[in-house]
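Shown next, in structure tokens, is the structure this report addresses.
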2 protein chains.
Amino acid sequence: MAVSIKDVARHADVSTTTVSVVLNNRTKEGRVSENTRQKVLSSVKKTGYISNLYARSMRKGSTFTIGVIAPSSMSYQTSLIVKGASSEAVKSGYEIIVGISFFDSDREQAYIKNFLSRRVDGIIFSGHPSQATASILKNLYNNKFPLVIAGSLVSDGIDAISGDPEMSGYEATNHLVRLGHKRIAFCIGNRSRFAVQGYSPAGTAVSHVEVDSELATDVCRIRYHGYQRAIENSGIQTQELCIASETSDYEGGRESAATILKMKERPDGIVFRNDEMAAGALNFLLGAKIRVPEDISLVGIGNKPLTEMTLVPMTSVNYPSVEVGIKAIEIIMKNINDKKTKDGSEKINGVAQSIRLAPNLIIRSSTAPRK
Amino acid sequence: MAVSIKDVARHADVSTTTVSVVLNNRTKEGRVSENTRQKVLSSVKKTGYISNLYARSMRKGSTFTIGVIAPSSMSYQTSLIVKGASSEAVKSGYEIIVGISFFDSDREQAYIKNFLSRRVDGIIFSGHPSQATASILKNLYNNKFPLVIAGSLVSDGIDAISGDPEMSGYEATNHLVRLGHKRIAFCIGNRSRFAVQGYSPAGTAVSHVEVDSELATDVCRIRYHGYQRAIENSGIQTQELCIASETSDYEGGRESAATILKMKERPDGIVFRNDEMAAGALNFLLGAKIRVPEDISLVGIGNKPLTEMTLVPMTSVNYPSVEVGIKAIEIIMKNINDKKTKDGSEKINGVAQSIRLAPNLIIRSSTAPRK
DNA sequence: ATGAAAGCGCTAACAC
DNA sequence: GTGTTAGCGCTTTCAT
């Protein structure tokens, strides 16, 4: 067993009370002489005592721990959110514990239980909770448990913080508009999920994709709304150009580029649902002797590291993940403090807030003014 | 305050002991009638009771938690190690908590203390500890605290688990040898750290790099040893070809490729210290109208996602990160169990073990037989 | 200025 | 079968 406060007390020949008082710097309140203080401190050093956080927690009613549930440890975005959350939490003396759910509903719920069993002071749920998980979260939230959903748009009455996908789509598209491009396409990726009304067979372009209300919360769909708004505002283009593909990854990007090359009126600017697709399209176009950005400008969304490692470094819209993590902790902290102050007797805020952080465009070499 | 075992006991009109026994499934030992069992279980449901892990820990002397200290949440390798560790730990009913040190020595030590304060049952230190941190770790280890260093080679008397960088270099090089290449170079990256004896001015190749014993533990240097061994075994090449560059990233790869293009006798195969460099070189070569793999074959090390997203998908040596994470937990678990059994009275193993997991080559399109 | 004692939530030894 | 009690390491009245 590790050395306890008792051992220190014995070693310093004082009571455990005195040790506790010294260690919690409550010396001022007319307690503990400088002499005993030093004696205790030296004993702490000598014995190598490290306080037991959880024994303390049991008295204090707080573990100074925030639980983060994330779908995947490998996602760039998740990493940054955790990074932001961790660094922000440390400032208030809190620590983060992370559970990876691997997109599994059961694991999500297991972690919620696990975290509650660990008496975390709050939970950040990163990503999209499953239906079942969402209802559990909702319940927690209604019971005033400090909770925030980060990086998802389907927060349904729970405090949420995320990037603004509408603005991402808008910024990316508007960048091309300002560069003077006249025909701008949006590669929306995965056909089966997105091309609902304006369904398109493999490898063809659809001119207009109806918004399916059921999927209206989907991030990518909202990015597409941003594209639509930018196109409308520009007045340069009467028709939207939405390219679907089998997948939403590197291969889907290649497929989309192939589709575009077959078009009679070829776009001079393309916005992609994500960076992987943009990279795939870039490589396909280069392989087909199309110059980027001279012939076609490309914009990705996500600003992942790979945007700097493509043959032509890619312009991309940055998702403010670190800031999302920071903001998530801020919200949690506010809730924790409100709970302490108001004793949970009063509804903190009446209604759940959903904050969306603005993205910012990172201009690299895959975009240029229209010739 | 959350609902406690007392509340459940009151609700079910039994003692806390009975509740505890039911909850820990110790019903068999002739205790608790099926009737009360059901009564308790139903009360647990009704009250929404979730046990307090740490109150239990205080009695059991175990928190069922392993602390992982990692330098960066964003590294691909780190993510995979955490993933492996997490999934393996769950099998034994343990949970992972992760601290990110951001390569800062103070943070490393703060997390060690924090984890000890949280009474974790073991610590996995991922990456290279700083000098100061290493001595603290050593101290912990000597005191029989379950500890393992993952992914680093400078373990200095502490149990360690990592990939085998010598084999990585060997496998990458030998792949080119088997393909019939006759002149194989190794791009070692950062000049200032590696080209010690055979120092090379910017943009020039050095024929032979002496091993600086001080840096002999460096991962990259050891990869280079693997290269050397493969070259020696092959008998095809009398001279090693080591290319240094300013940096070890994408740009360094471009610089290395430029160096190679200036050489009189151009290599027909190149091994890179990492994937980023390989990607940079690939793009530089393609830009200079050199064909890959027809003119030159390239091999990366790391098998990062970007290897699949380059214009020519890259052959690369896979680092078994997930397995490292799994193995790390296995070692920790063994130590924990040994400690319980032998009561810490006996030195577990006498000497620290350092396990190196074999990498495996992933063949893509950047390598081909010599023409 | 210091200590004794109670209690946070839980489990285990020991009654009954 | 079930309950009483002590104690894990800590903080906090309340005495002294």
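In this structure, CE of Met58(B) is placed 16 Å from P of dG7(C), rounded to the nearest angstrom. The distance between atom CG of Leu23(B) and atom P of dG9(C), rounded to the nearest whole Å, is 15 Å. One interatomic measurement links the two molecules: CZ of Arg118(B) to P of dG9(D), which rounds to 19 Å at whole-angstrom precision. Leu116(A) places its CG atom 15 Å from the P atom of dG9(C), with the value rounded to the nearest Å. Ile5(B) places its CD1 atom 11 Å from the P atom of dA12(C), with the value rounded to the nearest Å. Counting to the nearest Å, the C1' atom of dT2(C) and the CG atom of Asn35(A) are 13 Å from each other. Straight-line distance from the CZ atom of Arg119(A) to the P atom of dC10(D): 20 Å, rounded to whole Å. The interatomic distance linking Asn24(A) (CG) with dC10(D) (P) rounds to 11 Å, in whole Å.
No side-chain N or O of Thr17(A) forms a donor-acceptor pair with one of Ser20(A) less than 3.5 Å apart. For the residue pair Ser72(B)/Ser75(B), the side-chain donor-acceptor check at 3.5 Å is not satisfied. With 3.5 Å as the limit, one finds no donor-acceptor pair spanning the side chains of Arg56(A) and Asn52(A).
With sequence neighbours left out, the ring-ring contact (aromatic ring centres under 6.0 Å, His included) criterion links Phe145(B) to no other residue.
The aromatic rings of Tyr54(B) and Tyr54(A) sit parallel to each other, their planes meeting at less than 30°, with 60° as the upper class boundary.
Residues from residues 40-56 of chain A lying near DNA chain D, meaning a heavy-atom separation below 4.0 Å, are Tyr49(A), Ser51(A), Asn52(A), Ala55(A), Arg56(A) in numerical order.
Minimum interatomic distance between Ile331(A) and Asp159(A) (heavy atoms only, all atoms of both residues): CG2-OD2, 4.0 Å. Between Ile124(B) and Ile329(B), the shortest heavy-atom contact is CD1-CD1, 3.7 Å. The minimum heavy-atom distance between Ile149(B) and Pro129(B), with the atom names listed, is CD1-CG, 4.2 Å.
Residue Lys327(A) qualifies as open at atom NZ: its count of foreign heavy atoms under 6.0 Å is 12 or below.
For dG7(C), neither phosphate oxygen OP1 nor OP2 lies less than 4.0 angstrom from any side-chain nitrogen or oxygen of Lys6(B). Residue Lys60(B) places at least one side-chain N or O closer than 4.0 Å to OP1 or OP2 of dA12(C).
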Between the protein and nucleotides 4-6 of chain D, list the N/O to N/O atom pairs that are separated by less than 3.5 angstrom.
{"residue": "dT4(D)", "atom": "O4", "partner": "Thr17(B)", "partner atom": "OG1", "Å": "2.7"}

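Using a 4.0 Å heavy-atom distance criterion, Thr36(A) is classed as a sugar-phosphate-only contact.
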